[in-house]
K.L.:
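Shown below is the structure under consideration.
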There are 2 protein chains.
Amino acid sequence: MRKKIEKEHVGEQQLPRLGVAPYLELMGKTASKDTNQASAHMGLLLLWIGDNIQDMMDLNLSSFGITESKLDLLLLLILHQDKEGITPSSIAGRLGIRRASATALLDWLEKRNWIERKTNENNRRMVHVHITPEGRNLVDQILPTFWSTCDSFISDLEVEEQVVLKKILMKLNGSLERRLGVGR
Amino acid sequence: MRKKIEKEHVGEQQLPRLGVAPYLELMGKTASKDTNQASAHMGLLLLWIGDNIQDMMDLNLSSFGITESKLDLLLLLILHQDKEGITPSSIAGRLGIRRASATALLDWLEKRNWIERKTNENNRRMVHVHITPEGRNLVDQILPTFWSTCDSFISDLEVEEQVVLKKILMKLNGSLERRLGVGR
DNA sequence: GCTTATAGTTAGATAATCTAATTGTAATCA
DNA sequence: TGATTACAATTAGATTATCTAACTATAAGC
């Protein structure tokens, strides 16, 4: 008797890949006339690329049992650890989430002993947050994979392409951060 | 899902923006020696850019009461609507999610009358999915905003920068899709 | 000393995902 | 041809990440 797989084996009837062309055709029919369609084409590619690199990072981090957003928070704690001002509020402000959401993230990390909370004795409403040695240890284990994954995103590009891209990406990121009013 | 919209008046004690430098310094100390740090720097920027454009798109679509991932599904239905092979399974395959997750998405869209399910009479295990006129109407209302948002991502770049970027982005997206085994 | 503001948490909700189990149908094969 | 296996979809139940609103404790202002 044959026993069974586990892959949830997706059937043969895959939808064909269409590529970008039908999207551009639809854009031609549905974009407002003051939209620059060549730029929008690039924006669409950026959206897809963002999606794909996010998936790739999630995939590579999944074995560590932590998501990129939680790693992000731990990095924040490391990079600001000399300052005393790391509180649930300031974390929420930096990550662009509500205080209640920060509480939930911190609960999760605290339960695993990767961060600690300590009440501010001068203002007992406030709580200081810091990473523990175990947390730092975890991050040190993860970071080599994190950086090599970042490296891998553009590994298929030629060196000259990378040079050009670098300048543009820095400018682009600055522009987006300015317009969103955020920034790391 | 992300919301991140209102303000909830965040207090004064904001964490300072550090910029990329401390990240690069940390990378110097923690990256494996076969990581190309210049490339990883660009990868990090791409990750941040992806995050920022996703936020910008979410923000601009939020007033339509639909997320980008659900719009994505509706676009899929539109672009494949001549073919008969659109089923929960094929949707799950294309979106890279499980069939159960596709069922949940379709339930949500069906409840709002934007899609319809119809049992395949030749093989009663299968269900065909198609967009309704109301669904198509909704998409037509959203798309101008969607395209202009895509356009806006790179609106601060010079024309020459855009020209260079386009070629690189197409190559980059192709490379990522190939490595992830996905594609639109 | 009341009143108001602030920081954090709790309670309860929703969205987007997952795995495992279930249901109904089709195909295989002994 | 009837039992077994495979497959498509759904259901049930869980987790993660977010939200808003309400609550608690503390500090500050008048």
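Labels below follow one simple rule: chain letters A, B, ... track the order of the sequence lines, proteins then strands, and each chain is numbered from 1.
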K.L.:
Can you identify which nucleotide, out of D/dT11, C/dT17, C/dG8, has its nearest atom closest to the B/D107 side chain?
P.N.:
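It is D/dT11.
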
K.L.:
Heavy atoms from C-beta onward define the side chain here; which of C/dG8, D/dT18, D/dA8 lies closest to that of A/M126?
P.N.:
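It is C/dG8.
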
K.L.:
Output all residues satisfying side-chain contact (heavy atoms from CB on, under 4.5 Å) with A/D55, sequence neighbours left out; order by chain, then residue number.
P.N.:
B/L180

K.L.:
Show the nearest heavy-atom pair for residues B/M42 and A/I154, with the distance to one decimal.
P.N.:
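Here B/M42 and A/I154 meet closest at CE-CD1, 3.7 Å.
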
K.L.:
When you measure from the side chain of B/R124, which nucleotide among D/dA9, C/dA16, C/dA26 comes out closest?
P.N.:
C/dA26

K.L.:
Run the side-chain hydrogen bond (donor to acceptor under 3.5 Å, both in side chains) check on B/N137 and B/Q141 step by step: do they pass?
P.N.:
CA-CA 6 Å; B/N137 195 23; B/Q141 282 182 269; 4.6 Å; no

K.L.:
Side chain of B/A100 only, heavy atoms from C-beta on: which candidate in C/dA16, C/dG8, C/dA20 is closest?
P.N.:
C/dA20

K.L.:
Going by side-chain hydrogen bond (donor to acceptor under 3.5 Å, both in side chains), name the pairs with one or both residues in residues 22-31 of chain A, residues two or more places apart or in two chains.
P.N.:
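For residues 22-31 of chain A, and leaving out neighbouring residues, the side-chain hydrogen bond (donor to acceptor under 3.5 Å, both in side chains) pairs sorted by first residue read A/T30-B/W147.
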
K.L.:
Quick one: is A/R98 getting a side-chain N or O under 4.0 Å of the D/dT20 phosphate, OP1 or OP2?
P.N.:
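Answer yes for this pair, as a side-chain N or O of A/R98 is under 4.0 Å from OP1 or OP2.
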
K.L.:
Tell me whether the OP1 or OP2 atom of D/dT16 has a side-chain N or O from A/K70 closer than 4.0 Å.
P.N.:
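Checking D/dT16 against A/K70, no side-chain N or O comes under 4.0 Å of OP1 or OP2.
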
K.L.:
How many Å lie between CG on B/L105 and C1' on D/dA9, as a whole number?
P.N.:
14 Å

K.L.:
Rounding to an integer number of Å, can you tell me how far A/L73 CG sits from D/dT16 P?
P.N.:
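From A/L73 CG to D/dT16 P: 15 Å.
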
K.L.:
Could I get the full list of side-chain hydrogen bond (donor to acceptor under 3.5 Å, both in side chains) partners for A/T67, not counting sequence neighbours?
P.N.:
A/S69

K.L.:
Less than 4.0 angstrom between a side-chain N/O of B/S101 and OP1 or OP2 of C/dC18, yes or no?
P.N.:
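Looking at the OP1 and OP2 atoms of C/dC18, one of them is under 4.0 Å from a side-chain N or O of B/S101.
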
K.L.:
B/E68 CD to C/dT17 C1': how many Å, rounded?
P.N.:
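So the two atoms are 16 Å apart, to the nearest Å.
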
K.L.:
Mind checking side-chain hydrogen bond (donor to acceptor under 3.5 Å, both in side chains) for A/E110 and listing every partner two or more places apart, or none if nothing turns up?
P.N.:
A/R117

K.L.:
Figure out the NZ/C1' separation between B/K111 and C/dA15, and round it to whole Å.
P.N.:
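Whole-Å distance recorded here is 11 Å.
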
K.L.:
Mind grabbing the angle between the end helix axes of the helix from C/dG1-D/dC30 to C/dA30-D/dT1? Five pairs an end, 10° rounding.
P.N.:
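The angle separating the two end axes equals 10°.
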
K.L.:
Which whole-number value in Å describes the distance from B/N120 CG to C/dA26 C1'?
P.N.:
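So the two atoms are 12 Å apart, to the nearest Å.
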
K.L.:
Give the rounded distance in Å between these two atoms: CG of A/L109 and P of D/dT16.
P.N.:
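Spelled out: CG on A/L109 to P on D/dT16 is 11 Å.
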
K.L.:
Hey, is the side chain of B/T67 poking within less than 4.0 Å of OP1 or OP2 on C/dA16, counting only N and O atoms?
P.N.:
yes

K.L.:
In whole Å, I'd like the distance from the CG atom of B/L106 to the P atom of D/dT11.
P.N.:
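Rounded to whole Å, this separation is 12 Å.
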
K.L.:
So if I take every side-chain heavy atom of A/T103 and compare against C/dA26, C/dA16, C/dT10, which nucleotide ends up nearest?
P.N.:
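Looking only at side-chain atoms, A/T103 lies closest to C/dT10.
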
K.L.:
Sort me out a list of protein N/O and nucleotides 22-25 of chain D N/O pairs below 3.5 Å, or just none if empty.
P.N.:
none

K.L.:
So which atom in B/L26 and which in A/R136 form the shortest heavy-atom distance, rounded to 0.1 Å?
P.N.:
CD1-NH2, 3.9 Å

K.L.:
Using heavy atoms to find the nearest nucleotide of DNA chain D for A/E121 and A/A104 separately, return the residue whose nucleotide is more 5′.
P.N.:
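Looking at DNA chain D, the more 5' nearest nucleotide goes with A/A104.
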
K.L.:
Are OP1 or OP2 of D/dC7 and a side-chain N or O of B/S89 less than 4.0 angstrom apart?
P.N.:
no

K.L.:
Kindly give the heavy-atom pair with the smallest separation between B/L176 and A/F153, and that separation in Å.
P.N.:
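For B/L176 versus A/F153, the nearest heavy atoms are CD2-O, 3.9 Å.
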
K.L.:
Can you tell me how far C1' of D/dT10 sits from CZ of B/R117, to the nearest Å?
P.N.:
9 Å

K.L.:
Looking at A/D107 and A/K111, does any basic side-chain N land under 4.0 Å from a carboxylate oxygen?
P.N.:
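No, no charged N to carboxylate O under 4.0 Å.
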
K.L.:
Looking at D/dT16, I'd like to know if its phosphate oxygens (OP1 or OP2) sit under 4.0 Å from a side-chain N or O belonging to A/S69.
P.N.:
no

K.L.:
Does the distance from a Lys or Arg side-chain N to an Asp or Glu carboxylate O, for B/E161 and B/K166, drop under 4.0 Å?
P.N.:
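Not counted as a salt bridge, because no side-chain N and carboxylate O are separated by less than 4.0 Å.
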
